Protein chains: 2
Amino acid sequence: MPTYTPPLRDMQFVMHEMLNVVEELKMLPAHADIDADTINAVLEEGGKFCAEVIAPLNLSGDAEGCKLDKTTHEVTPPKGFKEAYKQYVEGGWPALSCDPAYGGQGLPVLVNQGMYEMMNSANQAWTMYPGLSHGAYEALHAHGTPEQKATYLTKLTSGEWTGTMCLTEPHCGTDLGLLRTKAEPQADGTYKITGAKIFISAGEHDLAENIVHLVLARLPDAPAGSKGISLFIVPKFLVNADGTLGARNGIFCAGLEHKMGIHANSTCQMVLENAIGTMVGEPNKGLAAMFVMMNAARLGVGNQSLGLTEVAYQNAVTYAKDRIQMRSLSGVKAPDKAADPIIVHPDVRKMLLTARAYAEGGRALSTYVALQLDKALSSDDEDERKECEAEVALLTPIIKAFLTDNGWIATSHCMQVYGGHGFIHEWGMEQFVRDARINMIYEGTNTIQSLDLLGRKVLGNNGATLKKFGKKIATFVEEEGTSEAMQEFINPLADLGDKVTKLTTEIGMKAFQNPDEVGAAAVDYLRVVGHLCFAYFFARAAKIALEKQGSGDPFYTAKLHTARFYFAKLLPETASLIRTARAGLQPLMAMDEALF
Amino acid sequence: MPTYTPPLRDMQFVMHEMLNVVEELKMLPAHADIDADTINAVLEEGGKFCAEVIAPLNLSGDAEGCKLDKTTHEVTPPKGFKEAYKQYVEGGWPALSCDPAYGGQGLPVLVNQGMYEMMNSANQAWTMYPGLSHGAYEALHAHGTPEQKATYLTKLTSGEWTGTMCLTEPHCGTDLGLLRTKAEPQADGTYKITGAKIFISAGEHDLAENIVHLVLARLPDAPAGSKGISLFIVPKFLVNADGTLGARNGIFCAGLEHKMGIHANSTCQMVLENAIGTMVGEPNKGLAAMFVMMNAARLGVGNQSLGLTEVAYQNAVTYAKDRIQMRSLSGVKAPDKAADPIIVHPDVRKMLLTARAYAEGGRALSTYVALQLDKALSSDDEDERKECEAEVALLTPIIKAFLTDNGWIATSHCMQVYGGHGFIHEWGMEQFVRDARINMIYEGTNTIQSLDLLGRKVLGNNGATLKKFGKKIATFVEEEGTSEAMQEFINPLADLGDKVTKLTTEIGMKAFQNPDEVGAAAVDYLRVVGHLCFAYFFARAAKIALEKQGSGDPFYTAKLHTARFYFAKLLPETASLIRTARAGLQPLMAMDEALF
């Protein structure tokens, strides 16, 4: 069975040495009192919960899966999940970065982000039960009426209730404009909602006493398409005026999906039959309200793959040090053994270092974005809020798609390190791969992310936000340009920055002729920009590591080697990506549909 | 549930239009009477068996898996498997390319290869029951005594019995030199064999009345390491002198593995307790005899992923034409529908075309290698036999690793086309991905393949075999160099050929200093050479397609577009691979083991 050790040292490095988060957070009124010790202590304690309580349930949960009682429509998650959730609630973990006005602890988003990375490493399927609540919390916090907030936010904050996002229907996922679920207004101001939803993660379970479904549906007079969608709260149990639970609402789990991975999470087909709901936000503007959840969820999905990359790496390293097989091509390395440990083989190291670099790069980028999110939420300077918001919007699709594609590559590499044993369930490695696969799909496929990045976030404002982010990189390049030791990092970083600028302009020009050029280049483009981000953060990490080389702390040596590996063996992927992005639309569209 | 249509037209194109296999085969005494109609008819008939009999069992077989009765040690494969196998045997399919001296039909290997591609598309897990027999057949055919041949070959040819390869033990897979299973010589010339084997595909089942295990074990006085391993036949039931079945032998299935994929194949832990066996070939030379099986098996594994790539492509195309979602960025394409079919989106096409190009490239390369194998087996010119053998040896690791890595990429892309539905078992796409994953591991991991290619097959003879193959490419480049229409294919092909030559020399020089440089570059190198092969065959295909453009047959238009796509969007991967290969060993080995 896999083991897990929270990567606290690297988290601290990223937060305190690279991003100086405490200084930045202290500028925000809501976090004026924050200090490094608090952050570290919370993450250390949270790490224990992850490693000791939920990690041991990951393999068994996958094997057992969820059970649906077709008569009562009740879903039972795997053994131990309910007890672990109870501990999670008792520990106050759901409240970490929630608003103190509703019982939250008011810690920065970035602390919650660190906690979730560890939860995802330990048990992605379990983490999705509380994980969806946070999105519901944020949508209600931003768009709910005072009554709705009073009724639901405290319970979501405490974790007594969990939340879901009910968007997808059998015929529509990406294209929510097609959705058909109906909401009929009632005399009392509520709505009766009827329809069928699919792929509802944590849609039904017995971990919490109530489930707060956020449901997209159409009013009778709604315009067609995405401008006719409204958002509703549909609780599993209706809530009485005094906050106690009332009657069972007409929203039921009609079936559980049989999936490639995340077996232990209940992915539900939900049927709504005159389910009573109240509207969130304005009529026909539900999609905008839902996007508050979506954006949080997209960062969350990137974080899932970051977690999987880290835990897969840790276990593959242990195996590679332990497993002996063949001798090193350059001579015997372990003469006392019948063969050398496989970590002596260069390609085994390459697979391990790929996962390591993707974990460290992902952690740096995610933490950076979480910090910008904290500023966007809590700064008292409106300009800063807007600027940070824009940067988060720019980087969100990169975190979602780049980190999940990397997670797929990394978990597959780590599984490969195990040879045949990697394919066997008991070792746990193949589960990481299967679990990682959904992250490239849900909350907007990675193709959709790439269109969001290139079409909306970059070309949509003529590259203004990208330029601002690029300026940060250029400033760093400028500052370190005279450092001899930094040349190996600065030169390729600066070079890639130039190439991104050129590529962006080139695609922009082409898209002017034919908007489909965006679709042809977007996926490659997103990976190129993802690498630009990673190269930037690895260069910043290398700078610190070089400065601290004399400290005797091997952490810095490892960081430097990992950065060098990244520049030598992973960044060069951009050479191909730029070529294929530039190859454009024609090779994709030339063939008539009938010839496929 | 996925559907499957045998790709007969493309098979015929590769065989008859591109490789002129009939002319080449007719030169071989064993195949003097072959004609295209026979080949086509066999494959058409075989395709029906695959599409109608075994394809419908693929999804259900995966869901059901195999059952082991721990008391009787008997394994029951999923419903329908036994009946399908009966039909397979009755159809004479096991005998296709077997020696007529033992009841075989004596058809060329390349016909069998085509049949197996289709079987793998239809049901990889089922196909592994008869699939392993062929390796056992070949090892015995090459190394068996006349008695052993008489006893076993007819039964393997008819399919009444199946075969296995019992190599791996819990502590050794790649490094067979470590194996511990013991063989004690008996007075009657047999051996009593005791030990534990794992990962034995089709190790126990009820499809055939007997199972012929080929087992690696050590004699009591054997030298340590790989030079002390002998090969034995250990039948499940002992065989009486008259060919009837005798007592149950001491070889039992002690457990079934729970795996990521190929659930319907029984992957057995086999225990041998004084199992009676006879030796195949000479004492302590078992590994060499086993390699006959291994090489066949490696080609077979590449073929598994070719099959999966094709079937995943076919289904993803159907889905992409059927599923409507969003409008094309360049304007509405299906005004009569609520949204456009997703095949209008450039990235969906990119995913589909990637799978299509990998299937077509893989089919061309595999068929080419099968033809060389036929020549290696049946030419009456010893020089030709040796030359073809060397070429097959060169290309075998490329087929194994390049086709299986491509299969992983392609099946994952095809699954992605389905969005969330791709993750759901009922659609069948995620099964293709899970099944494809093992192909990168077994019969020598893809890292081992790359070391075999670069270390042994290329640098091992100073590039002589690679040069000979390169000469074929150079001749083609020369011949087509003056054709204006062919420039788009010839120029990048010639360029890549030059780069491979330079890269090979460079790595060879480095390896002279440090043999680990081979291990650092090998995986990237193999993919570069794989692309060189695909570029060569796509250029040849494009030449024919250009010539036949006037025929009005849309097949040639599609072939040309696919070739152009390949050159524009897939071949550029080599730009990165060459860079990372050249980045060498240092970034991999610099970090101390303790710092991982």
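Naming convention: chains lettered A, B, ... in sequence-line order (proteins, then strands); numbering from 1 in each chain. All values derive from a computational prediction rather than experimental measurement.
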Most heavy-atom pairs under 4.5 Å with chain B, out of Ile438(A), Val523(A), Leu353(A), belong to Ile438(A)
Honestly, the part of Ile342(A) sitting under 4.5 Å from a heavy atom of chain B is neither
### Query
Less than 4.0 Å between a side-chain N and a carboxylate O, is that true for Glu593(A) and Lys321(B)?
no
Practice task
Indicate yes or no: at least one non-hydrogen side-chain atom of Asp405(B) is less than 4.5 angstrom from one of Arg527(B).
Solution key: yes
If one checks every heavy atom of Ala224(B) against chain A at 4.5 Å, the contacting part turns out to be neither
Note: vs chain B, highest number of non-hydrogen pairs under 4.5 angstrom among Ala568(A), Ala520(A), Ala590(A) is Ala590(A)
Between Gly584(B) and Lys569(A), the two heavy atoms sitting closest are O-NZ, 2.8 Å
Worksheet item: Would the number of heavy atoms belonging to other residues, nucleotides or ligands and lying under 6.0 Å from CD of Glu426(B) be above 12?
Response: yes
Okay, Arg323(A) and chain B: the region with an atom under 4.5 Å from a heavy atom over there is side chain
Under 6.0 Å between ring centres, would you say that holds for His421(B) and Phe199(A)?
yes
**Report entry** Heavy-atom side-chain proximity of Met591(B) to Phe596(B) below 4.5 angstrom
**Finding:** yes
So, the part of Ile578(B) with a heavy atom under 4.5 Å from chain A: the answer is neither
Under 4.5 Å to a heavy atom of chain A? For Asp347(B) that would be both
Ranked by heavy-atom pairs below 4.5 Å to chain A, first place among Tyr566(B), Tyr313(B), Trp427(B), Phe555(B) goes to Tyr313(B)
Per-residue tally against chain B (heavy atom, under 4.5 Å) across His425(A), His258(A), Met260(A) peaks at Met260(A)
The interface call for Phe567(A) against chain B, heavy-atom contacts under 4.5 Å, is neither
Most contact-rich option vs chain A, by heavy-atom pairs under 4.5 angstrom, among Gln586(B), Arg564(B), Glu257(B), Glu517(B), is Glu257(B)
With chain B, the option among Ala338(A), Gly331(A), Ala583(A), Ser330(A) that has the most non-hydrogen atom pairs under 4.5 Å is Ser330(A)
Okay, Ser412(B) and chain A: the region with an atom under 4.5 Å from a heavy atom over there is both
ask   = Are side-chain heavy atoms of Tyr442(A) and Phe423(B) found at a separation under 4.5 Å?
value = no
message: I'd like to know if Lys350(B) and Asp524(A) make a salt bridge, using a cut-off of under 4.0 Å between side-chain N and carboxylate O.
response: yes
The interface call for Trp408(A) against chain B, heavy-atom contacts under 4.5 Å, is side chain
Cut-off 4.5 Å, heavy atoms of chain B, and the answer for Asn514(A) is side chain
Honestly, the part of Tyr418(B) sitting under 4.5 Å from a heavy atom of chain A is neither
Highest number of heavy-atom pairs under 4.5 Å with chain B among Pro170(A), Ala320(A), Gly225(A) belongs to Pro170(A)
Does a salt bridge link Asp175(B) with Arg327(A), judged by any charged N lying under 4.0 Å from a carboxylate O? no
Okay, Ile198(A) and chain B: the region with an atom under 4.5 Å from a heavy atom over there is side chain
- prompt: Is Ile507(B) close to Leu454(B) at the side-chain level, that is, under 4.5 Å between some pair of heavy atoms?
  reply: yes
Answer key: most heavy-atom pairs under 4.5 Å with chain A among Lys259(B), Gln325(B), Met326(B) is Gln325(B)
Whatever's closer than 4.5 Å to a heavy atom in chain A on Ile448(B) counts as neither
Whatever's closer than 4.5 Å to a heavy atom in chain B on Leu178(A) counts as side chain
Scored by heavy-atom pairs under 4.5 Å with chain A, the best of Met589(B), Gln314(B), Arg582(B) is Met589(B)
- request: Determine, for Tyr556(A) and Arg9(A), whether the Lys NZ or Arg CZ falls below 6.0 Å from the six-membered ring centre while staying within 45 degrees of the axis.
  value: yes
Taking every heavy atom of Leu459(B) against every heavy atom of Ala511(B), the minimum-distance pair comes out as CD1-CB, 4.4 Å
Okay, Arg356(A) and chain B: the region with an atom under 4.5 Å from a heavy atom over there is side chain
query = Got a salt bridge between Arg437(B) and Glu430(A), using NZ or NE/NH1/NH2 to carboxylate O under 4.0 Å?
reply = no
Of the listed Gln431(B), Arg434(B), His345(B), the one with the largest count of heavy-atom pairs under 4.5 Å with chain A is Arg434(B)
From the list Gly422(B), Ser226(B), Ala581(B), Gly261(B), the residue making the most non-hydrogen contacts under 4.5 Å with chain A is Gly261(B)
Sorted by chain and residue number, the salt bridge (Lys or Arg N to Asp or Glu O under 4.0 Å) partners of Lys197(A) (sequence neighbours excluded) come out as Glu169(A)
Greatest number of non-hydrogen atom pairs under 4.5 angstrom with chain B, of Ile424(A), Leu176(A), Val317(A), falls to Ile424(A)
Only one of Leu571(B), Leu560(B), Leu352(B), Leu570(B) passes side-chain contact (heavy atoms from CB on, under 4.5 Å) with Phe565(B), and that residue is Leu570(B)
Tightest non-hydrogen contact, residues Gln416(B) and Asn446(A), listed as NE2-N, 3.8 Å
Under 4.5 Å to a heavy atom of chain A? For Met429(B) that would be neither
